[in-house]
Amino acid sequence: MTRPAKDFFAPLAVGAPAPLREIPARPSRAIHFFDPGNEKMAAKIPDMVGTVDVLLGNLEDAVKAENKEKSRQGLVEIGRATANLGSTAGPTQFWTRVNSLDSPWGLDDLVTLVTEIGDKLDVIMVPKVQGAEDIHYVDRLLAQLEAKAGLERPILVHAILETARGVANIEEICAASPRMQGLSLGPADLAADRRMKTTRVGGGHPGYLVRQDPTRDDLGVPQYDAERTSYQQDLWHYTIARMVDACAMHGIYPYYGPFGDIKDTVACEDQFRNAFLLGCVGAWSLHPVQIKIAHQVFSPSVEDVAHARRVIAAMGDGTGAVMIDGKMEDDASVKQCQVMVALADELAAIDPDLKALYDGIDA
Ligand SMILES: CC(C)(COP(=O)(O)OP(=O)(O)OC[C@H]1O[C@@H](n2cnc3c(N)ncnc32)[C@H](O)[C@@H]1OP(=O)(O)O)[C@@H](O)C(=O)NCCC(=O)NCCSC(=O)C[C@](C)(O)C(=O)O
Ligand SMILES: [Mg+2]
């Protein structure tokens, strides 16, 4: 059961910082994953600060069991040594994905990271969240650890949807704590848990398609063997749409997760763009090549920002209807335009290139 309204924003431990009343809309177009125990990747992190919205030290899947402690310790060292990373220090946020709550490492991950580098960490991503009970557990534990570490700012929590139960409980997960920052799709684990017959990490599938009806001959007989167009469909549409609604309802943020076919940058861009259009604010980057794709896709285009500003200017107080370029604009379309412009303003505040582009529209 969720706490009553009067207690919802009370700290869960004596001395813990007060929960935030509103989750800040910090740009997080790309959440870039790295293994802090991998020397080559770790060496690249200091230079990546300022080039990507979020750097996430991954401790869970993709880190071998025998390296779990090394990766955890590596993350502590990166957190301590890297300038301008995390908290309110600079434009690049510092996140981690801890091991799952039922694993032998999840507890030590949380205890070590919050007490050692909790002042740097913005968000902790919790994998395989099944229901509100998982968030309640993490919520209380984080409050205890924050109090112990003397933190002045609460660490936020991000849940990955990777099980059918997690998806079924999506609304209660979002509502479970004022720490909830957002949700990501975990397509690989989710596919396995749902018994989907795929073997991929995100993306589409050539077998999941809709085919054009057969043409008919002059007598009206269907020509089943004639050429027909087929369109590949999006396996993840349902889940992403559920995530977007649940997050919007709770004032938190939805993200597409990983796209595992690193070499297929075109399909990666398509998948990210679908998520952007549906309402997601970002996606994961597993390889440096995906950062640019996510930053570009999750930033409104100059054309969209220009159009949105025109509509807002033409709509005055935001009521009524006007014609712009042959299209009707009214109270509802101006609200969409306001979403676009607000995002452009947030991004321009941290990205000088985008600022120059968006400023150039009015010049
Ligand atoms: C895909 C891999 C194996 C290709 O790694 P590679 O070494 O073959 O790639 P490369 O192109 O040869 O690498 C070139 C250089 O970039 C470096 N590099 C390469 N990647 C990175 C990186 N991320 N960050 C920083 N540096 C990176 C790499 O070390 C190398 O450095 P070098 O030039 O000095 O030799 C590698 O990129 C990698 O391990 N990426 C992270 C994978 C990961 O985090 N997976 C877990 C998230 S997805 C997931 O868990 C699923 C989910 C949600 O749970 C669910 O759906 O259920
Ligand atoms: Mg997973």
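In listed order, ligands and their atoms are each counted from 1. In this text, all values refer to a predicted model and were calculated from it rather than measured experimentally.
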[atom] within contact range, any protein heavy atom under 4.0 Å:
atom                    : result
atom 3 (C) of ligand 1  : no
atom 28 (C) of ligand 1 : no
atom 31 (O) of ligand 1 : yes
atom 6 (P) of ligand 1  : no

- What orientation do Phe272 and Phe259 show, parallel under 30°, tilted 30 to 60°, or perpendicular over 60°? perpendicular
- For Phe33 and ligand 1, does the shortest N/O to N/O distance drop below 3.5 Å? yes
- Are any of the N/O atoms in Pro187 less than 3.5 Å from those in ligand 1? yes
Residue and atom name of the nearest protein heavy atom (relative to [atom]), distance in Å to one decimal:
atom                    : value
atom 53 (C) of ligand 1 : Trp284 CZ3, 3.2 Å
atom 39 (O) of ligand 1 : Met41 CE, 3.3 Å
atom 40 (N) of ligand 1 : Leu286 O, 2.8 Å
atom 56 (O) of ligand 1 : Ala188 N, 2.6 Å

- Among the N/O/S atoms of Glu162, the Mg ion (ligand 2) lies closest to OE1
- Note on the structure: Looking at Asp189, the N/O/S atom that lies nearest to the Mg ion (ligand 2) is called OD2
- Query: Is it true that a side-chain atom of Gln290 and a backbone atom of Ser285 form a donor plus acceptor pair closer than 3.5 Å?
  - Reply: no
- Item | Thr96 side chain vs Gly57 backbone, donor-acceptor pair below 3.5 Å | yes
- Message: Determine whether the aromatic ring centres of residues Tyr253 and His158 are separated by less than 6.0 angstrom.
- Response: no
Can you check which of [options] brings a heavy atom nearest to [atom]?
atom                    : options                       : result
atom 48 (S) of ligand 1 : Pro288, Ala191, Pro258        : Pro258
atom 25 (C) of ligand 1 : Gln290, His32, His287         : His32
atom 50 (O) of ligand 1 : Glu162, Met125, Arg97, Arg200 : Arg97
atom 17 (C) of ligand 1 : Lys263, Lys44, Lys128, Lys40  : Lys44

- Query: Between OG1 of Thr115 and CG of Leu113, what distance do you get to the nearest 0.5 Å?
  - Reply: 8.0 Å
Salt bridge check, [Y] against [X]: does any charged N sit closer than 4.0 Å to a carboxylate O?
X      : Y      : result
Arg72  : Glu116 : no
Arg80  : Asp119 : no
Asp351 : Arg29  : yes
Asp189 : Lys128 : yes
Arg26  : Asp122 : yes

- Decide whether a cation-pi geometry holds between Arg97 and Phe33; the criteria are a distance under 6.0 Å from NZ or CZ to the six-membered ring centre and an angle within 45° of the ring axis. no
- Is any side-chain heavy atom of Trp236 closer than 4.5 Å to a side-chain heavy atom of Pro187? yes
Suppose I only count heavy atoms of [X] and a 4.0 Å limit; which atoms of ligand 1 are within that range?
X      : result
Asp61  : 46 (C)
Asp189 : 54 (O), 55 (C), 56 (O), 57 (O)
Asn58  : 44 (O), 46 (C)

- Item | Region of Ala62 that comes within reach of ligand 1 [heavy atoms, distance under 4.0 Å] | side chain
